[in-house]
Amino acid sequence: MKNVIPVLTVVLAILLLWYGGAILLNKQWVLDQAARQDRVLTTPELIAETWAQDKPKLPAPHQVAVELWDTVAMKKPTSKRSLVYHAWVTMSATVLGFGLGTLLGFALAVGIVYNRVMDKSVMPWVIASQTIPILAIAPMIIVVLNAIGISGLLPKAMISMYLSFFPVVVGMVKGLRSPDAMQLDQMRTWSATRAQEFRRLRLPASMPYLFASMKIAMAASLVGAIVGELPTGAVAGLGARLLAGSYYGQTIQIWSALLMAAALAAALVGLIGLIQRITLKRMGMA
Amino acid sequence: MSWILAGLIVWALGLWANVRLSKRKGRAAALAVPVIFGLVLVFVWEAVVRGFGISPVLLPAPSVIAARFGQSSGVLWQDFVQTVLKGALTGYVLGCGAALLTAIVVDRFDFLRRGLLPVGNFVAALPIIGIAPILVMWFGFDWQSKAAVVVVMVFFPVLVNAVQGLADTSAMQRDLMRTYAASYWTSLWKLRLPAALPFIFNGLKIASTLALIGAIVAEFFGSPITGMGFRISTSVGLLQLDLVWAEIVVAALAGSAFYGGVALIERAATFWHPSQRGR
Amino acid sequence: ADELTLQLKWVTQAQFAGYYVAAEKGFYEEEDLDVTIKPGGPDIAPVQVLLGGGADVMVDWLPSALAARENGAPIVNIAQPFRSSGLMLTCLKEHGIESPADFPGHTLGTWFFGNELPLYSWMSKLGYATDGSEGGVTIQKINFNVDPLLQKQVECATTMTYNEYWQVIDAGLTPEDLVVFKYQDEGIATLEDGLYTTEENLADPAMTEKLVRFVRASMKGWKYAEENPDEAAEIVLENDETGAQTEEHQKRMMGEIAKLTAGSNGALDPADFTRTVEVLLSAGADPVITKDPGEAAWTHAITDEALK
Amino acid sequence: MTEQVAAPAASVPQAPTVISAQGLNLVYETSDGPVQALKDVDLKIDKGDFVSFIGPSGCGKTTFLRVMADLETPTSGTVLVNGVTPEAARKARAYGYVFQAAGLYPWRSIGGNIRLPLEIMGYSKAEQAERVQRVLELVELSGFDKKYPWQLSGGMQQRASIARALAFDADILLMDEPFGALDEIVRDHLNEQLLALWSRTEKTICFVTHSIPEAVYLSTRIVVMSPRPGRITDVIESPLPKERPLEIRDSPEFLEIAHRVREGLRAGHAYD
Amino acid sequence: MTEQVAAPAASVPQAPTVISAQGLNLVYETSDGPVQALKDVDLKIDKGDFVSFIGPSGCGKTTFLRVMADLETPTSGTVLVNGVTPEAARKARAYGYVFQAAGLYPWRSIGGNIRLPLEIMGYSKAEQAERVQRVLELVELSGFDKKYPWQLSGGMQQRASIARALAFDADILLMDEPFGALDEIVRDHLNEQLLALWSRTEKTICFVTHSIPEAVYLSTRIVVMSPRPGRITDVIESPLPKERPLEIRDSPEFLEIAHRVREGLRAGHAYD
Ligand SMILES: Nc1ncnc2c1ncn2[C@@H]1O[C@H](COP(=O)(O)OP(=O)(O)OP(=O)(O)O)[C@@H](O)[C@H]1O
Ligand SMILES: Nc1ncnc2c1ncn2[C@@H]1O[C@H](COP(=O)(O)OP(=O)(O)OP(=O)(O)O)[C@@H](O)[C@H]1O
Ligand SMILES: Cc1ncc(C[n+]2csc(CCO)c2C)c(N)n1
Ligand SMILES: [Mg+2]
Ligand SMILES: [Mg+2]
């Protein structure tokens with residue numbers, strides 16, 4: 001609770017900058033329009049108009065707020081015009097992709113830690129895989145998956161998975177290797193099996209790492225889902241909203257979809273944080 | 001059929017070689033194993049594309065990509081300069097530099113830390129895909145807007161890591177500085193910055209892959225008629241998939257080299273850290 | 001019913017009204033067809049979908065279809081519901097461009113992804129370099145909206161008569177603020193929005209038979225849409241899943257689309273095809289296509305059957 | 001669990017050999033070059049012996065213990081434990097090992113930490129609970145089994161780690177400076193307890209310490225080692241009786257052995 | 001640098017008071033409730049004193065040292081150091097502090113670690129080099145100045161940390177179990193060295209230890225503390241002369257003081 005005042009201060013500062021920025025960026029258009037219509041604007045008029053444009057370069061915060069209110073609270077959540085509906089569509093793909101990515105990442109990490117060949121050969125390629133601009137070839141992936149009959153939620157989830165498995169691999173490899181030499185030696189003196197060593201030492205030791213990387217993975221997964229929604233443009237989801245907004249120059253719509261996406265990410269990441277706190281508390285580590 | 005068979009055989013051979021090699025010690029083996037893994041991957045790809053007769057419009061074979069690589073090296077180089085050297089690198093340097101300075105300020109003023117970090121986390125959750133078009137609108141079509149996207153993308157990972165790193169000193173290490181009655185700047189310079197280096201490099205490494213991806217993706221939302229992202233997005237429309245893949249190869253090579261470079265510097269700068277000492 | 005998948009070139013909008021009308025009004029059903037319409041998007045290459053087996057027919061423009069053909073995609077035009085081109089270049093009057101002779105020294109924006117081909121051909125026909133050098137023009141890639149024009153990042157922008165032009169108007173500019181060059185009027189029109197399938201499909205009698213029925217029903221849809229533009233626009237709106245389209249815009253778009261489909265019974269006019277190929281071949285240094293694909297790139301086999 | 005290895009052994013005059021090392025050498029390859037940690041080490045330890053290892057820091061005491069426990073492989077030479085290789089002995093769970101630092105798992109309570117080896121070795125739940133209680137009492141930590149390691153002081157943690165090694169029936173106990181972090185009074189107390197346990201159970205104990213009085217008080221034999229390369233310079237048999245009250249430390253025999261150990265140690269140092 | 005604080009003091013019969021604590025209480029607020037670490041502590045330390053603190057683990061020895069060094073603020077009571085508050089004394093760089101663990105900075109070599117306080121206090125480069133060499137010799141680590149902490153054994157690290165505290169001219173030396181990790185021979189040697197340094201420099205030394213002989217051997221006064229809440233139960237003045245050969249430890253006076261300390265300690269424990 002100590003954070004409330006600092007956070008509010010920062011938010012306030014951002015709002016001020018935002019309003020100021022809106023004036024700066026939208027000024028040109030307002031002036032051009034006035035010139036075309038032979039009007040002369042006073043400064044207050046100018047400012048008022050920059051904050052009330054239909055298709056501003058940067059919409060003012062209240063414009064976005066009104067749009068959010070209209071599309072979140074005033075529409076039936078099942079309506080195609082409701083942001084809640086689109087957020088739901090994106091969230092399904094995000095969560096599915098996140099689940100798949102976490103599983104894949106976990107499996108790879110276990111393989112890397114327990115198998116010499118994987119340890120030596122896989123990691124450089126895992127890193128290289130993330131330097132491929134998957135976002136750039138997402139459309140092709142969608143098309144190719146479509147061609148072999150996979151469509152709907154799964155292609156989006158696959159892109160999410162591709163982006164989210166990486167932080168999990170990296171974090172889990174670190175976590176599974178975090179027990180120190182002495183702790184491993186103890187297991188040896190008790191002549192514990194590999195499975196016992198894994199369940200009773202490596203796994204619990206890796207928990208803090210797992211949660212930290214799951215948070216990153218969740219955020220990445222959301223980006224993946226949105227990217228997956230872009231090329232199939234006309235379909236549902238926050239990504240489709242962003243795109244449609246962009247085709248028709250609806251900046252306000254873009255910003256509201258964007259803020260909705262950020263809120264969704266914050267909520268999902270917060271959920272993991274909650275699970276983390278409960279789990280670590282029960283393990284006596286918090 | 002013969003291609004598929006060949007693919008299977010090469011795969012088995014590669015696996016066998018790696019199982020043997022990974023038992024050996026030494027630099028050469030450590031290098032050979034992933035290389036063999038990669039070569040096998042490429043060969044199997046070739047075999048699958050040829051064996052199943054996959055249309056070049058869907059997935060070109062590596063040999064076709066390689067041929068295109070040679071043919072279009074001029075275009076590839078020009079795109080590389082535009083995207084990587086101008087867009088990604090500039091943005092990376094600016095973004096990481098700004099993040100480090102901010103980290104120090106944030107670390108100095110607790111009020112900012114408690115206010116800025118939660119908001120920062122929220123802002124960092126804004127998908128790049130949504131930000132890119134806006135930044136292109138603000139900063140124009142050329143590399144400046146790509147650099148801006150990269151700045152936004154790398155800023156928070158580096159900031160968060162740096163802030164965490166600056167706080168990662170043990171009570172005893174700080175107490176020692178206290179007994180010396182060291183000033184804030186002295187203890188920053190002699191204790192907290194060195195202690196933060198492993199974290200900072202962690203952030204810099206993450207940022208190095210993000211930078212490239214960010215620059216390329218941003219080009220999807222507006223670019224002059226050059227650049228890797230531009231080429232990828234427009235060549236798909238012309239069905240020049242071989243050129244698309246050649247660009248992707250450039251991206252992967254550049255990204256891996258970038259990451260590797262940062263990792264090398266990390267190794268030199270944090271040689272003392274347990275993670276760099278072991279194994 | 002027989003299943004068939006149609007891949008559109010762009011998002012759900014009145015540009016594709018004929019197909020949505022045919023589906024909604026039961027014309028496909030009457031032909032015993034179950035048609036799935038897949039919307040496109042900015043980064044979807046319909047040819048890829050077609051060749052990958054994700055669709056049986058696609059809507060594409062002839063220039064990019066021919067370019068794909070040269071790159072090894074065996075695709076064939078089987079019908080041409082659009083007679084005229086809706087492509088144009090829109091400039092702000094304040095930049096002082098009144099005729100194509102004024103282009104040099106200015107920045108022209110166009111979509112890429114195959115859509116740039118007509119513009120390049122035009123410029124080359126005019127004899128202008130496109131690399132921004134002295135006496136030439138600068139080509140700028142723009143995304144599929146008109147912001148760069150409004151914000152003066154380009155001086156002219158590619159627009160469609162039925163869509164982007166009206167976005168400029170909606171933004172608050174008047175027709176008097178603008179100068180437009182229609183490709184149709186400049187004599188460099190290339191064929192848009194045709195129906196294409198693969199050579200492989202055409203070799204399969206069962207498939208051709210299905211395509212015949214499909215084209216017949218689609219043309220019925222188009223003609224219905226031409227006659228009932230407002231109802232057609234409503235149907236399109238119902239099929240838009242983003243919920244982002246507006247009624248006003250779609251009704252206006254349908255009105256403009258009707259002008260482009262007017263005069264086509266669905267059969268490709270070989271003269272139009274030849275003109276398109278000429279325009280494309282005339283592009284100078286880096287031509288879109290290097291040789292005339294000839295009659296292999298189109299067929300009347302389907303329309304002949306369908307229009308019987 | 002360990003029957004197949006444990007020799008039948010009663011306390012006969014010539015007890016069977018439990019550990020025998022011959023011509024043991026161990027070289028660590030480090031980035032600074034090789035480090036010879038053990039050089040030509042020969043040693044025989046009989047069943048029921050209490051052997052202390054003493055020597056300057058870095059002389060190879062820990063290394064020797066680790067070799068016995070199959071945590072380190074000697075470069076050359078042979079070690080036999082209960083007549084088999086250290087590996088076989090380890091697999092037969094012949095060892096209880098107390099490490100130089102406590103090394104408790106932070107996510108397990110004290111009770112959970114002590115239960116860990118019992119779970120791994122497959123003791124029944126009831127047996128586990130019973131044993132945990134017993135060893136907690138032995139190290140005077142009853143009532144702390146629900147606490148987590150970070151809620152205990154360093155000395156308490158070290159005692160918990162000793163309890164963990166005593167919880168299961170290993171007949172060889174390897175203890176690496178187990179009492180280093182404790183104050184003198186607690187240390188005396190635990191010394192007494194350890195001696196009592198040892199004479200009750202006939203375990204064989206190898207014990208590393210830096211304290212000369214502690215070594216003399218506890219052991220039947222004291223092994224003095226010299227610094228790198230680690231060699232055994234002296235093996236001192238203690239004539240002290242098995243029954244040892246704390247006051248024995250003021251007896252002349254005691255002081256005399258302590259003196260001998262001190263001399264042996266001093267020989268390994270550079271000073272005077 | 002420290003002149004303004006250091007009292008002029010020669011070894012006159014009634015040396016000036018360097019540290020005086022009165023009615024000191026310190027309570028740690030923890031999630032398990034408050035922990036009283038120091039209760040009603042009164043103590044006076046004169047210039048040139050060598051004071052040992054001894055007591056069971058967790059009795060508040062470290063806490064008391066930390067209060068003196070202004071690393072902890074007492075809940076109530078007053079402390080004066082050189083007649084000023086601990087904070088002012090700290091700012092005047094009156095302390096050299098040796099922590100319970102070595103706490104070297106891993107990114108600095110041994111030489112770099114010892115140089116650290118010298119750099120901060122603005123010694124000239126030449127002076128720095130000269131002092132580093134001198135203290136390295138003192139703790140027998142000459143030749144190791146280019147090594148990094150993790151390349152040294154625990155005992156060597158601890159000696160480096162002692163060297164670090166000796167490198168600059170603090171006239172109060174606070175040492176928290178500095179010799180805990182060392183073997184007996186090295187420990188004896190460093191004890192001698194420390195005594196020599198002390199009698200040469202007239203520093204005031206506060207020294208925490210668990211070893212009774214060490215406390216008796218080194219100190220002019222021994223402060224015995226009892227467990228929580230930490231109180232001072234006894235302050236023993238040593239009649240031993242300033243000149244102390246190692247053999248003094250066998251003298252009757254020595255044994256008699258040791259006995260008194262042991263009795264004081266035992267009173268604080270639960271056993272017998
Ligand atoms: N894993 C290792 N790699 C390289 N050298 C090692 C390793 N472990 C120990 N050494 C070196 O081997 C020598 C013996 O080490 P060991 O730990 O056995 O000493 P010790 O007698 O237990 O010392 P201490 O009393 O300080 O615990 C030392 O010089 C040490 O530096
Ligand atoms: N930061 C802290 N927060 C809460 N309690 C603390 C803290 N530091 C010490 N204590 C508690 O205060 C008491 C005194 O601790 P202190 O470290 O002074 O003991 P000590 O005499 O130095 O013990 P040792 O000989 O083990 O070093 C202990 O019970 C300890 O648990
Ligand atoms: C894949 C693809 N994307 C966009 C266009 C350009 N385009 C043609 S019609 C239209 C609809 C709105 O006017 C747009 C944007 C294209 N030809 N192909
Ligand atoms: Mg050791
Ligand atoms: Mg202490």
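Just so you know, these numbers use all the heavy atoms, side chains as well, and skip hydrogens, waters and symmetry mates. In what follows, every chain begins at residue 1, and chains take the letters A, B, ... in the order their sequences are listed.
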Legend entry - Option that, when pairs with chain A are counted at under 4.5 Å, heavy atom only, ranks first among B:L15, B:I134, B:V244: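 Of B:L15, B:I134, B:V244, B:I134 has the most heavy-atom pairs under 4.5 Å with chain A.
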Legend entry - Residue, of B:S256, B:S208, B:G260, B:G229, that accumulates the most heavy atom pairs under 4.5 Å with chain A: B:S256
Provide the closest heavy-atom pair for [X] versus [Y] in the form atom of the first, atom of the second, distance.
| X | Y | value |
| --- | --- | --- |
| A:W125 | B:G38 | CZ2-CA, 3.1 Å |
| A:V7 | B:P118 | CG2-CG, 3.9 Å |
| B:V119 | A:V10 | CG2-CG1, 3.9 Å |
| B:N202 | A:K174 | ND2-NZ, 4.1 Å |

Just how far is it from atom [atom1] of [X] to atom [atom2] of [Y], taken to the nearest 0.5 Å?
| X | Y | atom1 | atom2 | value |
| --- | --- | --- | --- | --- |
| B:L210 | A:T131 | CG | OG1 | 11.5 Å |
| B:I213 | A:L163 | CD1 | CG | 7.0 Å |
| B:L212 | A:I132 | CG | CD1 | 11.5 Å |
| B:F37 | A:M118 | CZ | CE | 8.0 Å |

Inset, instruction - Using a cut-off of under 4.5 Å on heavy-atom pairs, state which of A:I254, A:N115, A:L222, A:L58 scores highest against chain B. - result: A:L58
Contact part of [X] toward chain A, heavy-atom cut-off under 4.5 Å: side chain, backbone, both or neither?
| X | result |
| --- | --- |
| B:F258 | neither |
| B:I36 | neither |
| B:I216 | side chain |
| B:V249 | neither |
| B:F111 | both |
| B:L241 | side chain |

Please state whether the side chain, the backbone, both or neither of [X] comes within less than 4.5 Å of a heavy atom of chain B.
| X | result |
| --- | --- |
| A:A128 | both |
| A:S129 | neither |
| A:L258 | both |
| A:L8 | neither |

Inset, instruction - For atom CH2 of B:W45, decide whether the heavy atoms of other residues, nucleotides or ligands shown that lie under 6.0 angstrom number more than 12. - result: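 Correct, the count exceeds 12.
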